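Reading through the structure tokens given below for one structure.
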Amino acid sequence: MGFIMTSKISWTALLLISPLFTLASKPVLQAAEGELSYDRDIRPILSENCFSCHGFDDKKREADLRLDTRAGAIDEGNAIVVGKADESLLVKRIQSTNAEEVMPPPESGKQLTDAQKDLLKLWINEGANYEKHWAFEKPIKKDPPSVEGISNPIDRFVQAKLSEHKLTPSPVANPATLIRRSTLDLIGLPPTPQEIREFEAAAAKDLPSAYQELINRLLSSPHFGERWGRWWLDQARYADSHGYSIDGEREIWKYRDWVIASLNENKPFDQFTVEQLAGDLLPNATLQQKIATGFHRNTQINQEGGVDPEQFRMDSIFDRVATTGNVWLGLSIGCAQCHSHKFDPITQKEYYQIFAFLNNQEEPSIKVYPEHVNVDELNIERTEIERQLADVIKANEAAYVKWETELTEEQRKALPEATSKLLKVKEDKRKLSERLQLLSSAGISLSDDVSAKQKRLEEIENELNQGVSTLILSERKTPRDTFLLIKGDFTRPDEKVQPGTPAILHPLVTDNPSPNRLDLAKWLVSPENPLTSRVIVNRTWQQLFGKGIVETENDFGLQGTVPSHPELLDWLAVEFRENGWNFKELLRTIMTSHTYMQSSNHRNDVAAIDPLNVYLAKQNRLRLEAEIVRDVALSASGLLSPKMYGAPVRPPIPDGIMTVGQSQRKWVASQGEDRYRRAIYTFLYRVTPPPALNVFDAPDGLSTCTRRIRSNTPLQALTLLNDPAFFEFAQAMEKRIKEEGLENCFIRCTSRKPTAEELQLIGSLDSLNAARALLNLDETLNRE
């Protein structure tokens with residue numbers, strides 16, 4: 001029931017604070033494991049405590065001391081005496097007890113631990129070696145460690161790490177757990193009781209073959225694109241409204257449908273990237289490639305009166321630069337908008353060089369028609385029919401003019417109201433259909449052929465009205481000038497800049513004298529790019545394990561955490577690229593590993609040695625995402641509509657939600673199967689999102705979301721009990737309980753059989769409350 005959310009979920013809370021824990025403790029733990037590493041052990045200390053004042057940003061650098069480079073710290077700053085920690089000014093300052101000398105200064109709120117000071121001294125005594133940040137080095141595909149009896153590369157990397165910590169992997173999860181985990185992870189729906197029984201039977205004969213067949217079936221499901229489409233739409237900050245206080249509706253769901261279809265067809269990720277950033281610039285760009293550019297039309301639009309359009313156009317480009325940096329590079333490039341980055345080697349000028357790529361676009365909308373509608377042919381046919389009807393009007397013009405001029409006042413009063421209204425319209429303002437109607441009113445005989453042509457015109461108009469609009473980007477013929485903006489203020493332009501990319505990364509290679517978005521997109525997915533493939537495989541891993549190999553999935557810079565399994569991350573990144581950026585194959589590779597398939601059951605030895613499960617001795621238990629919570633309830637209750645694509649729908653929401661915010665609007669709940677469609681199709685207002693999604697931590701679409709938080713609050717249980725949509729699901733589940741029995745419905749929700757005690761407990765409730773309890777069970781909301 002709602003109150004049966006047990007202590008298992010408390011691990012989620014622990015995961016939420018883990019970045020704070022690992023940033024402080026990992027350098028100390030790692031240093032004890034073997035040879036001291038600057039990138040792993042020292043850089044995090046300096047980055048966290050020193051670089052904001054003694055780092056990359058020369059305009060904010062204190063005492064002309066730079067500690068992020070060897071030259072700055074040793075040759076120029078004289079802060080470090082190589083091999084002699086006790087003679088180094090850096091050590092003297094961090095060990096000082098004088099408040100005016102000690103570093104970091106007390107007013108910074110930062111303080112080094114004794115363990116961190118010892119590490120810095122050890123590092124200096126060992127030679128104070130610097131390394132280029134790992135994320136800026138091109139990934140190298142090293143051979144996996146040799147582990148006896150293990151052939152899977154992922155498992156060899158993981159189990160070698162486990163052995164270092166005297167841990168062993170958990171056994172493979174039981175078949176019911178495996179099918180539930182895999183089905184939820186790949187299509188976002190629970191397996192049916194029949195699917196569970198069939199898999200258990202097949203697994204009893206040959207688990208590897210049965211599991212491989214299961215993964216292949218799920219990857220081929222059309223629901224795959226819906227589940228992973230939502231993952232990508234988070235990053236695209238997708239919503240169905242403009243944002244800001246008015247938050248008016250927008251029509252851009254064709255982009256959402258493009259994402260779903262592209263993932264289902266397994267479009268190579270490099271092509272997936274290029275089409276979204278620059279589909280309109282591809283040779284002979286198709287309609288679908290233009291629709292794909294909606295990725296960067298998901299920015300907010302301010303509809304308030306009196307706003308400066310240029311200000312909010314610039315704001316949208318700021319958003320696009322930051323989003324591009326986060327999504328593909330895993331870097332906080334947006335931090336360089338007002339000044340050079342405090343921690344990462346990205347200058348303010350380089351920020352505006354990227355800005356320049358995204359400053360040369362128009363922001364139109366286009367009409368998109370069903371595939372069977374040939375717009376060009378219809379327009380040609382319409383033009384020809386209109387010409388023929390115009391000839392009919394011209395041929396009868398004299399007779400009509402005579403009729404109209406000879407009408408007496410009494411005759412005019414006797415005319416039908418519709419005719420009288422038309423006569424008041426100026427002749428040059430009358431539509432073709434109106435002129436034909438007046439010919440009939442004048443008693444001028446028109447042939448059946450004219451009526452047929454009029455009818456065909458109506459049919460053509462109806463077909464053309466089937467088109468829906470969607471927002472896209474298109475390149476300007478005349479590029480805008482781009483300037484570095486003083487403190488990021490669009491009213492304070494400084495030096496002019498040209499499109500370019502950060503010097504710390506691979507060079508931009510192009511034959512184009514004026515590089516554009518297409519060049520930027522190709523640069524992002526270049527084999528020379530050290531970041532994109534790493535970032536995407538890490539974010540995919542995060543979806544399957546709850547956190548990435550790099551825990552700070554949106555920050556691969558100097559402030560980010562070091563990878564828990566760096567060689568594995570690089571192996572996956574190169575494998576992904578060498579496999580043609582095959583996203584489904586990446587998922588298959590990860591999900592067929594023992595590391596993914598193992599049990600998530602609690603283990604005392606893991607809790608003692610590795611409480612955050614960094615080394616992956618077991619799977620992680622994860623609360624389902626907001627949309628999947630709804631989809632699981634829809635599926636289990638039997639209400640789920642399999643309908644895909646199309647305009648967003650409006651399931652029931654609590655009364656009064658739409659009165660929140662500046663603009664009060666009506667929410668008319670959809671009827672029929674639209675009422676029960678998957679949550680990815682729910683209409684999303686940015687300011688007033690559906691509360692059942694909001695309470696389960698769905699993003700608002702105001703900015704890119706690369707990782708959802710997982711909270712655990714009483715509001716979630718109350719939502720599942722009382723939200724009008726979930727109460728409706730419970731009513732449908734009640735009918736299923738009466739038809740199928742309580743045990744089968746329990747399996748639909750949890751993918752396992754209930755114990756006798758559980759069956760007795762839930763069976764003691766009336767059928768409706770039993771249904772509400774099943775939809776609110778801890779196991780219904782989590783995947784093991």
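We number each residue from 1, following the sequence as shown. Heavy-atom basis, side chains included; hydrogens, waters and symmetry copies ignored. Bear in mind that the values here come from a model prediction, so they are computed numbers and not experimental data.
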Report the C-alpha distance between R43 and E131 in whole Å, list the side-chain angles of each, state the deciding distance to 0.1 Å, and finish with yes or no for salt bridge (charged side-chain N to carboxylate O under 4.0 Å, His left out).
-> CA-CA 9 Å; R43 192 196 305 276; E131 302 167 2; 5.6 Å; no

Salt bridge or not between [X] and [Y]? Use side-chain N to carboxylate O under 4.0 Å.
X: K496; Y: D481; result: yes
X: R227; Y: E625; result: yes
X: E627; Y: R678; result: no
X: R623; Y: D697; result: yes
X: D240; Y: R256; result: no
X: E363; Y: R313; result: no

Evaluate whether atom [atom1] of [X] has more than 12 neighbouring non-hydrogen atoms of other residues, nucleotides or ligands under 6.0 angstrom away.
X: E213; atom1: CD; value: no
X: K342; atom1: NZ; value: yes
X: K142; atom1: NZ; value: no
X: K267; atom1: NZ; value: yes
X: D143; atom1: CG; value: no
X: K141; atom1: NZ; value: yes

[X] side chain to [Y] backbone, donor-acceptor under 3.5 Å:
X: Q598; Y: T595; value: yes
X: R237; Y: Q300; value: no
X: H506; Y: W523; value: yes
X: E226; Y: P222; value: no

Separation of R577 CZ from S526 OG (nearest 0.5 Å) | 8.5 Å

Quick one about [Y] and [X] (side-chain donor to acceptor, distance below 3.5 Å, no hydrogens or angles considered), yes or no?
X: N216; Y: R588; value: yes
X: S474; Y: E362; value: no
X: T482; Y: N359; value: yes
X: T323; Y: H296; value: no
X: Q353; Y: Q498; value: no
X: Y255; Y: N298; value: no

Give me the ring orientation class for [X] and [Y]: parallel if the planes are under 30° apart, tilted from 30 to 60°, perpendicular past 60°.
X: Y352; Y: F355; answer: tilted
X: H565; Y: Y615; answer: perpendicular
X: F583; Y: F224; answer: tilted

Would you please test N129 and R70 for side-chain contact (heavy atoms from CB on, under 4.5 Å) and show each step?
-> CA-CA 8 Å; N129 292 321; R70 181 180 174 86; 4.2 Å; yes

Could you walk me through whether T273 and W581 pass side-chain contact (heavy atoms from CB on, under 4.5 Å), step by step?
-> CA-CA 10 Å; T273 293; W581 299 88; over 6 Å; no

Indicate the atoms forming the closest heavy-atom contact of I333 with Y351, along with that distance.
-> O-CD1, 3.3 Å

Partners of Q619 by side chain to side chain donor-acceptor pair (under 3.5 Å), sequence neighbours excluded?
-> R783

Taking the side chain as every heavy atom from C-beta outward, state whether N529 and L329 have any atom pair closer than 4.5 Å.
-> yes

Which pairs count as salt bridge (Lys or Arg N to Asp or Glu O under 4.0 Å) when at least one residue sits in residues 503-514, sequence neighbours excluded?
-> none

Given the side-chain rings of [X] and [Y], with only the six-membered ring counted for Trp, is the space between their centroids under 6.0 Å?
X: W258; Y: F272; value: yes
X: Y238; Y: W232; value: no
X: F312; Y: Y244; value: yes

